[in-house]
Structure formats: structure tokens, C-alpha cells
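Inspection log for the structure reproduced underneath, given as C-alpha cells.
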Amino acid sequence: MALLNILEFPDPRLRTVASEVKQVDDKIRKLVDDMFETMYEAPGVGLAATQVNVHKRVIVIDVSEDKDQPLVFINPRIEVLDQDEYSYEEGCLSVPGFYEEVTRPQHVRVHALNKDGEPFQIEPEGLLAVCIQHEIDHLDGKLFVDYISNMKRQRIRKKLEKQHRARA
Ligand code: QAP
Ligand code: CO
């Protein structure tokens with residue numbers, strides 16, 4: 001296993017639209033293992049391949065208390081079931097230290113492939129529903145800061161750029 005480097009906002013590579021996985025093979029399963037190791041170490045509850053600069057439609061999530069319920073979603077697709085909305089104060093490993101309220105559909109069905117390439121569906125609730133939608137956004141080059149005001153987003157960008165300059 002290996003720890004992967006996590007890209008941070010406003011890195012333009014986070015805007016890449018990821019490609020469909022054509023074949024769920026050992027190379028994809030190795031990516032999944034490395035993504036779990038990276039997410040648990042962070043620590044985080046969700047990570048999209050885009051965030052580790054791999055532009056394939058792969059997501060790992062574990063929102064469980066004991067970090068013992070790893071979930072893998074390959075080529076995930078969201079079906080919105082009704083118009084109910086749900087607000088949550090979201091964070092992101094690619095936007096460290098910043099949290100903002102985001103409103104999204106509350107009831108969704110998710111279609112995806114598991115790590116053996118088999119199709120499955122779930123109807124997630126609560127934090128899991130939020131997290132899956134947040135991670136699918138990454139695969140489409142979107143970040144939670146795209147849902148907040150330009151002023152707030154600019155302020156976050158300036159603070160992170162300053163940290164990145166201090167680190168370089
Ligand atoms: C996405 O986020 C998500 O700022 C996953 O300093 C979205 O794992 C989770 C993290 C909506 C819940 C609701 C963030 C770690 C982790 C930070 C994460 C930080 C350290 C974020
Ligand atoms: Co994120």
C-alpha cells in the first residue's frame with residue numbers, strides 16, 4: 001500500500017473531469033487500497049481519485065464511527081428521488097481547515113460498480129448521502145466551495161495559496 005499526495009484547492013487539476021473505468025482490474029483495486037490508506041491516515045470520511053490526481057471514476061468512503069465500513073463506488077451515478085433538500089456543513093481534504101454549509105438533494109439512489117466490477121445500488125441516508133454526492137462532484141471537477149459565495153470562495157483561495165507559498 002502507499003500514501004498518495006492530496007491535491008489542494010485551487011489546484012487546477014481538481015477541475016479535471018474523470019473518465020469511466022472500463023475494466024475493474026488489479027490496477028484499480030490497488031488504487032482503491034491506496035486511496036483507503038490515504039483517507040484513513042488523513043483522517044477523512046471520503047476521497048475521490050481526482051483528489052490524488054488519478055482521473056478515473058473511483059470513490060472510497062467510510063462514514064462509520066469505528067472506521068470499519070469501507071465503501072467503494074466505481075462509475076457512480078446519482079438518481080435524485082424527490083425534491084427534498086438537506087443542508088450539511090461540508091469539509092474536504094482538498095480544502096483543509098474550511099467548512100461551509102451546502103444544500104443538496106436528500107433522497108438519492110446511487111448506482112455503481114463494487115471492487116469486483118459488479119453493479120449494485122444503494123439509497124444512502126444522512127451523512128453518507130451527502131458524502132457520496134460530494135465525492136461524485138470531485139469526479140466532475142467540482143468542489144463544495146463552488147456552492148458558496150464568490151467572496152467566501154476567494155477568501156478561502158487566498159488563505160490556502162498563502163499556506164502553499166509558505167510550504168514551498
Ligand atoms: C467529504 O471530507 C465530506 O478540513 C469528505 O482539515 C463532505 O473527509 C464529508 C478533513 C461532506 C462529510 C460531509 C477536512 C480533514 C476531511 C479538513 C473529508 C481537515 C482535515 C474531510
Ligand atoms: Co472533497
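Order of appearance sets the numbers: ligands from 1, and atoms from 1 within every ligand.
For ligand 1 and Gly46, the ligand atoms under 4.0 Å from any heavy atom of the residue are 5 (C), 8 (O). Each of the following atoms of ligand 1 lies closer than 4.0 Å to a heavy atom of Glu135: 1 (C), 5 (C). Less than 4.0 angstrom separates some heavy atom of Tyr88 from each of these atoms of ligand 1: 13 (C). Atom numbering of ligand 1 starts at 1 in the shown order; those under 4.0 Å from a heavy atom of Val95 are 4 (O). Near Val130, with a cut-off below 4.0 Å to any heavy atom, the atoms of ligand 1 are 11 (C), 13 (C). Close contacts between ligand 1 and Gly44 involve ligand atoms 8 (O) [criterion: under 4.0 Å to a heavy atom].
Between Lys27 and Asp25 there is no salt bridge, since no side-chain nitrogen of the basic residue lies less than 4.0 Å from a carboxylate oxygen of the acidic one. Using a 4.0 Å cut-off between charged side-chain N and carboxylate O, Asp33 and Lys115 make no salt bridge.
One finds the CG atom of Leu139 at 5.0 Å from the CZ atom of Arg57 (value rounded to the nearest 0.5 Å). We find the CG-CD distance between Leu47 and Gln51 to be 4.5 Å, quoted to the nearest 0.5 Å. Between Lys56 atom NZ and Ile28 atom CD1 the span is 4.5 Å, to the nearest 0.5 Å. From His134, atom NE2 reaches atom CG of Leu143 across 7.5 Å, with rounding to the nearest 0.5 Å.
Of the protein's non-hydrogen atoms, the one nearest atom 8 (O) of ligand 1 is Val45 N, 2.8 Å. The closest protein non-hydrogen atom to atom 6 (O) of ligand 1 is Gly97 N, 3.2 Å. Given atom 3 (C) of ligand 1, the protein heavy atom at minimum distance is Gly91 O, 3.8 Å. Among all non-hydrogen protein atoms, the one lying nearest atom 7 (C) of ligand 1 is His134 ND1, 3.3 Å.
Side chain to side chain, Ser64 and Asp66 fail the donor-acceptor criterion of an N or O pair below 3.5 Å.
At a 4.0 Å heavy-atom cut-off, ligand 1 touches Tyr99 through the side chain alone. Residue contacts with ligand 1 for Cys92 involve N, CA, C or O but no side-chain atom from C-beta outward (heavy atoms, distance under 4.0 Å).
Aromatic rings from Phe73 and Phe120 are positioned such that their centres are separated by under 6.0 Å.
Heavy-atom proximity to atom 21 (C) of ligand 1, evaluated over Leu128, Leu93, Leu127, is greatest for Leu93.
For the pair NE2 of His138 and SG of Cys92, the angle at the Co ion (ligand 2) is about 100°; rounding is to 10 degrees.
Both tests do not hold together for Arg104 against Phe144: distance to the six-membered ring centre under 6.0 Å, angle to the ring axis within 45°.
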